[in-house]
2 protein chains.
Amino acid sequence: MRRLRLQLCVFRLKGRRSGKGSLAKETKNTLRDSVYSALKAMIVTGQIPPGSRVTENDIAAKLTVSRTPVREAFNRLERDGLVTGRPRQGYVVTEFDINMFREAFEIRELLDGHATELAATAATAQDKARLRAMLAECERLAAIPERTNREKFQELEVGIDLHRVIAEISGNVMLHNMLCGILDKCQHYVWTELLWLDEWKIARDEHAEIVDAICAGDAARAGTLARAHVRGSRDNVLRLLQAKSDYRNFLAKAS
Amino acid sequence: MRRLRLQLCVFRLKGRRSGKGSLAKETKNTLRDSVYSALKAMIVTGQIPPGSRVTENDIAAKLTVSRTPVREAFNRLERDGLVTGRPRQGYVVTEFDINMFREAFEIRELLDGHATELAATAATAQDKARLRAMLAECERLAAIPERTNREKFQELEVGIDLHRVIAEISGNVMLHNMLCGILDKCQHYVWTELLWLDEWKIARDEHAEIVDAICAGDAARAGTLARAHVRGSRDNVLRLLQAKSDYRNFLAKAS
DNA sequence: GCATGCTATTTTGTATACAATTTTGAGTGT
DNA sequence: ACACTCAAAATTGTATACAAAATAGCATGC
């Protein structure tokens with residue numbers, strides 16, 4: 001059974017402090033929250049790969065805290081679906097499950113579509129500026145020549161954050177929270193499974209169209225575009241997964 | 001600030017062991033799970049009223065366990081949105097918030113509608129029998145003459161469970177989980193805020209129509225009915241809340 | 001050489017002890 | 001009578017100790 005070996009953070013996530021060593025008082029919340037954020041960041045970015053077993057002691061030692069806050073963080077992560085734990089067998093980073101991926105996108109089509117409709121009605125001038133700025137940031141990151149995984153990941157993150165922000169603008173807090181939960185999982189999977197493929201590409205044009213519709217206040221069009229975008233993303237991801245699976249089968253047959 | 005006084009269970013929830021005294025090995029899972037179930041049942045049924053402050057020590061003492069499993073249960077409950085806790089100020093059973101109620105029903109319209117569509121396609125003969133049995137149970141409970149709150153609550157619970165089962169039949173596990181989370185909250189509110197009103201009535205006929213459509217395999221009709229039913233429930237609840245609010249205002253003005 | 005059973009280690013589950021912070025309340029001064 | 005201060009109590013946050021269970025490794029027997 002693969003055992004976790006915590007690697008140093010390759011890069012920092014904006015906003016979140018991905019803790020290595022003692023997580024100081026940077027985030028002056030409770031330790032539990034800090035551990036939660038740190039672990040979540042490590043999982044979502046694939047630094048702790050899916051399927052790896054994670055023990056409380058290791059994490060506690062790495063982060064130089066006691067097991068208690070680590071346990072509580074694990075509880076929350078389990079609730080998020082990022083780790084799965086059975087009674088006395090510890091926790092495992094949730095493995096990729098193509099069926100769950102399908103389910104997630106099926107729900108996203110509903111929720112994202114609705115959130116985008118609401119956002120088109122509710123967006124203030126400030127909100128619109130914020131969305132446009134995110135698009136610009138995406139463009140900037142995409143235009144960097146010979147970019148590394150770091151830039152690729154940043155582009156992915158901004159692209160997904162765009163949907164989080166749209167959900168926030170919708171004004172329905174519960175909707176926002178639910179979508180964020182789903183997006184965390186998707187991000188985790190996309191990053192760990194797909195980003196290494198050269199063919200990966202964020203649908204920048206689709207994002208731009210959606211933002212345009214929101215800025216124009218055209219709720220119906222924004223919703224339609226968003227739903228189509230989710231379907232497109234799903235198909236794109238499933239296609240890549242298929243290619244990856246084929247490749248693996250090819251390797252297996254060759255050996 | 002109101003302090004919690006745990007009351008004895010007035011009646012037991014089917015399936016769940018609502019723990020009073022030491023929660024024995026009935027559920028042979030971990031203590032954390034037992035505490036979680038017990039607390040959740042107490043909150044959902046309003047035995048611990050919204051707004052009451054809940055301290056770890058009280059619960060731990062009542063259930064004769066240490067604070068550790070209680071803390072972990074609180075963490076999960078907070079994640080469910082049934083209690084809200086601020087860093088060093090303990091936990092409070094989430095208070096009723098009419099806006100959150102609106103948000104929940106807005107999302108339910110999407111998710112319940114979709115789940116019902118899926119269920120109409122996916123339901124097996126066994127599933128259909130199960131749904132019909134639940135309807136029959138509802139009828140039976142409704143027909144009891146001079147029924148007490150106990151029967152009223154049971155009818156409510158079966159009526160809500162119907163939606164949980166439909167979501168389960170849909171086959172989309174994530175959808176099922178999300179809907180269950182929302183329904184828990186709604187049940188909690190309906191029970192604590194509205195059930196005392198005589199006008200409260202479950203829409204038995206609407207439920208029957210939905211089940212009929214599912215059994216007929218008519219996905220489109222089932223979905224349409226489900227969405228209309230959710231809207232109807234929302235309007236019904238909001239109307240009752242308005243009446244309650246008016247009543248309170250009347251009392252306040254009179255004094 | 002392989003399977004089986006036992007022990008030893010690891011790891012989680014629970015309890016308790018301690019620290020830090022917030023709340024409460026009494027007491028004092030105006 | 002009211003407000004303010006400070007101390008004591010209560011409560012959560014964290015650490016550690018102990019118990020129970022599961023895993024892993026080794027030895028033994030076939």
Side-chain angles (χ1 to χ4, degrees), chain A residues 1-6 17 19 21-39 48 51-79 82-94, chain B residues 1-6 17 19 21-39 48 51-79 82-94:
Chain A
M1 190 165 292
R2 236 185 319 173
R3 181 62 63 75
L4 166 73
R5 169 171 304 274
L6 280 183
R17 307 293 192 178
S22 77
L23 27 148
K25 302 294 153 50
E26 310 172 345
T27 66
K28 68 159 73 91
N29 286 332
T30 61
L31 273 183
R32 166 190 46 186
D33 294 330
S34 306
V35 173
Y36 172 74
S37 301
L39 269 175
I48 309 179
S52 28
R53 181 140 177 259
V54 188
T55 75
E56 299 175 358
N57 279 327
D58 284 353
I59 303 294
K62 275 289 172 198
L63 270 46
T64 58
V65 298
S66 85
R67 273 177 53 214
T68 310
V70 175
R71 278 184 69 77
E72 304 196 357
F74 272 130
N75 272 309
R76 293 171 63 171
L77 288 169
E78 185 178 23
R79 210 91 192 124
L82 292 179
V83 303
T84 58
R86 279 185 321 212
R88 279 167 202 274
Q89 293 171 233
Y91 292 92
V92 172
V93 178
T94 307
Chain B
M1 190 166 295
R2 236 185 319 172
R3 181 62 63 76
L4 166 74
R5 170 169 305 275
L6 280 182
R17 310 293 193 178
S22 78
L23 30 146
K25 302 294 154 51
E26 309 172 347
T27 66
K28 68 159 75 91
N29 285 333
T30 60
L31 274 183
R32 165 190 46 184
D33 294 330
S34 305
V35 173
Y36 171 74
S37 301
L39 269 176
I48 309 179
S52 30
R53 181 139 177 259
V54 186
T55 75
E56 298 175 358
N57 278 329
D58 283 353
I59 303 293
K62 275 289 172 199
L63 269 46
T64 59
V65 297
S66 82
R67 274 178 52 213
T68 312
V70 175
R71 279 182 69 77
E72 304 196 358
F74 271 131
N75 271 309
R76 291 171 64 172
L77 288 170
E78 185 179 23
R79 210 88 191 129
L82 292 179
V83 303
T84 58
R86 280 185 320 212
R88 278 167 203 276
Q89 291 171 235
Y91 292 93
V92 173
V93 179
T94 308

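Just the heavy atoms: all of them, side chains too, but no hydrogens, waters or symmetry mates, feed the values below. All chains are named by letter (A, B, ...) in the order of the sequence lines, taking the proteins before the strands, and each is independently numbered beginning at 1.
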**Prompt:** Is there a side-chain contact between B:Y91 and B:L77, using heavy atoms and a 4.5 Å cut-off?
**Reply:** no
**Request:** Report yes if the side chains of A:V54 and A:V83 come closer than 4.5 Å at any heavy-atom pair, otherwise no.
**Result:** no
**Those residues of residues 68-77 of chain A lying under 4.0 Å from DNA chain D by at least one heavy atom** = A:T68, A:P69
**Request:** Output all residues satisfying side-chain hydrogen bond (donor to acceptor under 3.5 Å, both in side chains) with B:R71, sequence neighbours left out; order by chain, then residue number.
**Result:** A:E72, B:E56
**Message:** Can you see if the side chain of A:S66 gets near the phosphate of D:dT14 - specifically, an N or O under 4.0 Å from OP1 or OP2?
**Reply:** no
**Message:** If the cut-off is 4.0 Å, is B:Q89 near the phosphate of C:dT23, judged by side-chain N/O to OP1 or OP2?
**Reply:** yes
When the distance from [atom1] of [X] to [atom2] of [N] is rounded to whole Å, what number comes out?
X	N	atom1	atom2	result
B:R86	D:dT12	CZ	P	13 Å
B:I59	D:dT12	CD1	P	10 Å
B:N57	C:dA15	CG	P	13 Å
B:L31	D:dA20	CG	C1'	12 Å
A:L63	D:dA15	CG	C1'	15 Å
B:Y91	C:dT22	OH	P	16 Å
B:D33	C:dG13	CG	P	9 Å
B:R88	C:dT23	CZ	C1'	14 Å

**Message:** Please check: side-chain N/O of A:T64 versus main-chain N/O of A:A60, any donor-acceptor pairing under 3.5 Å?
**Reply:** no
**Prompt:** Where does DNA chain C pair, written as one dot-bracket string 5' to 3', with Watson-Crick or G-U pairs under 3.5 Å, ( ) inside the strand, [ ] for crossing pairs and | for another strand?
**Reply:** ||||||||||||||||||||||||||||||
**Asked** Checking side-chain contact (heavy atoms from CB on, under 4.5 Å) for the pair B:L31/B:T68: CA distance, chi angles, key distance, verdict?
**Response** CA-CA 10 Å; B:L31 274 183; B:T68 312; over 6 Å; no
**Item:** Distance-minimising heavy-atom pair for A:E78 and A:G85
**Value:** OE2-O, 3.1 Å
**Request:** For B:R67, report the nucleic acid contact type (base, sugar-phosphate, nothing); a contact means any heavy atom under 4.0 Å.
**Result:** base
